[in-house]
There are 2 protein chains.
Amino acid sequence: MSRSDEHEQEFLAAYDPRAFPPFAVTVDVVLLTVREGRLCVLLVERDTHPFRGGLALPGGFVQADEDLDTAAVERLENETGVRRDVAHVEQLGAFGDPHRDPRMRVVSVAYLVFAPDLPAPRPGSRVRSVQWVPVEDVDAARLAFDHDAVLAAGVERARAKLEYSPVATAFCGEEFTVAELRHVYEAVWGVPLDPRNFHRKTTGTPGFLVPVGSPAPVGPGGGRPAALYRRGSAALLHPAMLRPQRED
Amino acid sequence: MSRSDEHEQEFLAAYDPRAFPPFAVTVDVVLLTVREGRLCVLLVERDTHPFRGGLALPGGFVQADEDLDTAAVERLENETGVRRDVAHVEQLGAFGDPHRDPRMRVVSVAYLVFAPDLPAPRPGSRVRSVQWVPVEDVDAARLAFDHDAVLAAGVERARAKLEYSPVATAFCGEEFTVAELRHVYEAVWGVPLDPRNFHRKTTGTPGFLVPVGSPAPVGPGGGRPAALYRRGSAALLHPAMLRPQRED
DNA sequence: CGAATAGTGTCTCTCAGACAATATTGC
DNA sequence: GCAATATTGTCTGAGAGACACTATTCG
């Protein structure tokens, strides 16, 4: 069938089943967190064909009557134990290479999730393990399907998003210190930031941080107690938090 | 079937067809251009069920062996006559509300395309008309499916993308003047910009513009001939072209 | 020359980055 | 007091926005 007939296909489709090539649709979740100063992603070790023994992003098939966003949040809550209200969830994009799944034609809609540090959930059925892996340590060649590309897109989106939106706070708990927020930026961007300039910028950007009042407990090494903050109401940061320029 | 069984579904899927709810997958193209100083989108008037008489984005079903990006470019070239090499094409996202198409379950992968001003293509078969419509004049309620949301996402993405990437040049021809580029920014953002500051910023941003040498022909109103530029090699703009802040 | 458009220079204000100095804690 | 962390202040340079001014064309 020629490509230029596709409009015709559409209009005949209600009568001609061949006009609707059958697809399966899945959601895959790039769940990122910061643990011990490193940006980590949640991966599951597969125990069945295909890619048995390989690592994969959590995910699964979208049900016939299920919205895409709903499907992603369901996978998140049921497979990883992360509640939707503590995490930031956004769609990352669709991945649909015809041969990304050896079994059949599958289009995967990837979601990007930022969550505070959480205990690793226990493995679901037919999965060997569930683990947090620092993104720098992920062996892209061992990832199932095209999940290396999905992960790379998620990390790149995360790095860009920290610049102009306040989503970095989604990696922290409800209340957090400026230093904790700085550790998030340092882990995601992979660069050290000046604590003093960072403090001035974050507390000076309108709507980014709201002081809570009470101070945080003092850390193990002593030092002045830090003030606690909650996320403010701004959806966009003005001025933005700019990444240090690479000097090539 | 319970949601927590979805991993099980995946692994049984090769043997149990019920685990793969059937979907149709389409691509829809948000093709934007600037005509007469206004940001315009290409819409087709439908001549068949569903949404007969309604306006829709060009698009169609993805074939069984067809990559998503390829499908989008095919629709672009065959339905709108825009060649891939003169346009900027990027994926916008997946839209998959269970009831977005009354016929069956369809997930649409939307693509965003920026192209120079072109003659409106002639209608394809079974389409009443193909027309450029200024986005400000689009009656969202008349759009078929969820194309109002797709269009809104595309316009918002376009506005943001002009800030930090050189894609605005995709709205111009191969060679263009600074004033033409400024008209693109003004049309997409919907705000007037200072010609003098705009000139200094664009020509001063490394990798954005490359001078061609020869000047452009003088316009109808006379005036000094403008220099011609081509797009430079930068993928990202440093410093960015910032939108004027809204003062609410 | 005057109108129109292109392009440069200058000033001010904001803000990023470097880093000194001060504040508050535990030991 | 000393070490450690938090927070504020100060200086410098880049860059954004306002706008005067110069350059080049047509009629």
Main-chain N/O of A71(A) paired with R75(A) side-chain donor or acceptor, under 3.5 Å: yes

Nearest-Å distance for atom pair CG/P, residues L237(B) and dA14(D): 20 Å

Sequence-aligned protein contact record of nucleotides 9-19 of chain C, with B where the base is within under 4.0 Å of a protein heavy atom and S where only the sugar-phosphate is: -B-----SBBB

F198(A) and Y185(A) aromatic centres sub-6.0 Å: yes

NZ/NE/NH1/NH2 to OD/OE distance under 4.0 Å, K161(B) and E90(B): yes

What pairs of nitrogen or oxygen atoms, one from the protein and one from nucleotides 25-27 of chain D, lie under 3.5 Å apart?
residue: dT25(D); atom: O2; partner: G223(B); partner atom: N; Å: 3.3

Test side-chain contact (heavy atoms from CB on, under 4.5 Å) applied to F176(B) and L228(B), step by step: CA-CA 5 Å; F176(B) 50 87; L228(B) 283 175; 5.6 Å; no

d(NE2, H199(A); P, dA20(C)) in whole Å: 19 Å

Aromatic ring pairing H147(A)/F145(A), orientation class (parallel under 30°, perpendicular over 60°, tilted between): tilted

Pair D28(A), S108(A): side-chain N/O donor-acceptor within cut-off below 3.5 Å: yes

With L31(A), the side-chain contact (heavy atoms from CB on, under 4.5 Å) member among V41(A), V89(A), V82(A), L57(A): V82(A)

Value in whole Å for how far the P atom of dT5(D) lies from CZ of F198(A): 17 Å

ring-ring contact (aromatic ring centres under 6.0 Å, His included) partners of H88(B), counting only residues at least two apart: F114(B)

